[in-house]
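Everything below concerns the one structure shown next.
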Amino acid sequence: MMNFFVGQTASFSRTVTETDVVMYAGISGDYNPVHVDQEFASGTRFGQRIAHGLLTTSFLSRLLGMELPGQGSVYLEQSLKFKKPVFIGDTVTATAEILDIDHDRGIIRLETICRKQDNTVVLTGEAKMMMPKEGEKI
């Protein structure tokens with residue numbers, strides 16, 4: 001297993017676009033009007049369309065799968081608490097911090113947080129990632 005350490009962090013930022021929401025609706029089949037219908041969404045407590053919560057979560061998948069712990073790692077668990085909505089045009093920063101490393105089992109536990117451009121926390125949770133053994137291809 002690579003040289004990871006408790007407290008190690010990484011982040012990834014992305015601005016949510018109209019295309020992201022439309023494509024996510026198409027891929028997931030989630031056409032809830034709060035996501036795709038402005039007229040409907042304007043009558044909700046949010047006053048406008050919100051991005052799918054799992055679209056925001058996918059930024060964690062990108063961060064964990066590509067950066068920390070990175071390529072070759074595999075998701076085992078992810079807890080999620082959605083705190084605030086994400087709107088089209090918001091820039092979301094996904095951050096992960098290593099909380100624990102089980103070197104014997106090759107499992108890393110991480111705190112995961114997503115924040116908007118104004119530092120508002122929109123999502124919190126924890127992830128467990130399995131790392132490949134030395135020389136193993138997954």
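On a predicted model such as this, the values are computed, not experimentally measured, just so you know. Below, all heavy atoms of this structure are taken into account, side chains as well, without hydrogens, waters or symmetry copies.
Residues Thr95 and Ser11 share a closest heavy-atom pair of OG1-OG, 3.0 Å. The two atoms that bring Ala96 and Leu68 nearest to each other are O-CD2, 3.9 Å, heavy atoms only. The two residues Pro85 and Asp90 have their closest heavy-atom pair at O-OD2, 4.4 Å. Across all their heavy atoms, Asn3 and Gln8 have their closest contact at O-OE1, 4.2 Å. Residues Gln117 and Thr91 approach most closely at OE1-N, 2.8 Å, considering heavy atoms. In terms of heavy-atom proximity, Gly7 sits nearest to Glu97 at CA-OE2, 3.6 Å.
Between Leu64 and Ser73 there is no side-chain heavy-atom pair separated by less than 4.5 Å. Between Thr44 and Pro33, every side-chain heavy-atom pair lies at or beyond the 4.5 Å cut-off. Taking 4.5 Å as the limit, every side-chain heavy atom of Lys83 sits out of range of all side-chain heavy atoms of Val122.
A side-chain contact (heavy atoms from CB on, under 4.5 Å) with Met129 is found for one member of Leu76, Leu110, Ile107 and no other, namely Leu110.
When only modelled atom types and interatomic distance are considered, Thr57 and Gln78 share no side-chain donor-acceptor pair under 3.5 Å.
From Arg115, atom CZ reaches atom NZ of Lys84 across 14.5 Å, with rounding to the nearest 0.5 Å. Distance check, rounded to the nearest 0.5 Å: CG of Leu123 to OG1 of Thr56 gives 7.0 Å. Remark: Glu111 CD to Thr9 OG1 distance equals 10.5 Å, nearest 0.5 Å. Annotation: the span from Glu18 atom CD to Ile88 atom CD1 amounts to 4.5 Å, rounded to 0.5 Å.
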I'd like to know whether Arg49 forms a side-chain contact (heavy atoms from CB on, under 4.5 Å) with Phe87, so could you lay out the CA-CA distance, the side-chain angles of the two residues, the decisive distance to 0.1 Å, and finally the verdict. CA-CA 7 Å; Arg49 293 166 49 206; Phe87 303 105; over 6 Å; no
Please evaluate residues Phe82 and Leu54 with respect to the criterion side-chain contact (heavy atoms from CB on, under 4.5 Å), reporting the C-alpha separation (whole Å), side-chain torsions for both, the decisive distance (0.1 Å), and the verdict. CA-CA 10 Å; Phe82 297 99; Leu54 292 180; 4.2 Å; yes
For Tyr24 and His35, run side-chain contact (heavy atoms from CB on, under 4.5 Å): C-alpha distance rounded to whole Å, both residues' side-chain angles, the deciding distance at 0.1 Å, then the answer. CA-CA 10 Å; Tyr24 189 85; His35 304 305; over 6 Å; no
Checking Thr93 against Phe12 for the side-chain contact (heavy atoms from CB on, under 4.5 Å) test, could you report, in this order, the C-alpha distance in whole Å, the side-chain angles of both residues, the deciding distance, and whether it holds? CA-CA 6 Å; Thr93 299; Phe12 165 76; over 6 Å; no
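A single hydrophobic cluster is not seen to contain both Val21 and Ile27; linkage of ILVMFWY side chains at heavy-atom distances under 4.5 Å, directly or through other members, places them apart. Hydrophobic clustering of Ile, Leu, Val, Met, Phe, Trp and Tyr side chains at less than 4.5 Å, counting indirect connections, keeps Val34 apart from Tyr31. Val92 and Ile113 end up in different hydrophobic clusters when Ile, Leu, Val, Met, Phe, Trp and Tyr side chains are linked at under 4.5 Å. With hydrophobic clusters built from ILVMFWY side chains whose heavy atoms lie under 4.5 angstrom apart, Ile101 shares a cluster with Tyr75. Val86 and Val121 fall into different hydrophobic clusters, defined by Ile, Leu, Val, Met, Phe, Trp and Tyr side-chain heavy atoms under 4.5 Å apart, directly or through other members.
Between the side chain of Ser58 and the backbone N or O of Ser61, no donor-acceptor pair lies under 3.5 Å.
When the shell of 6.0 Å around NZ of Lys128 is examined, it contains 12 or fewer heavy atoms from other residues, nucleotides or ligands. Within a 6.0 Å radius of CD in Glu39, other residues, nucleotides and ligands contribute 12 heavy atoms or fewer.
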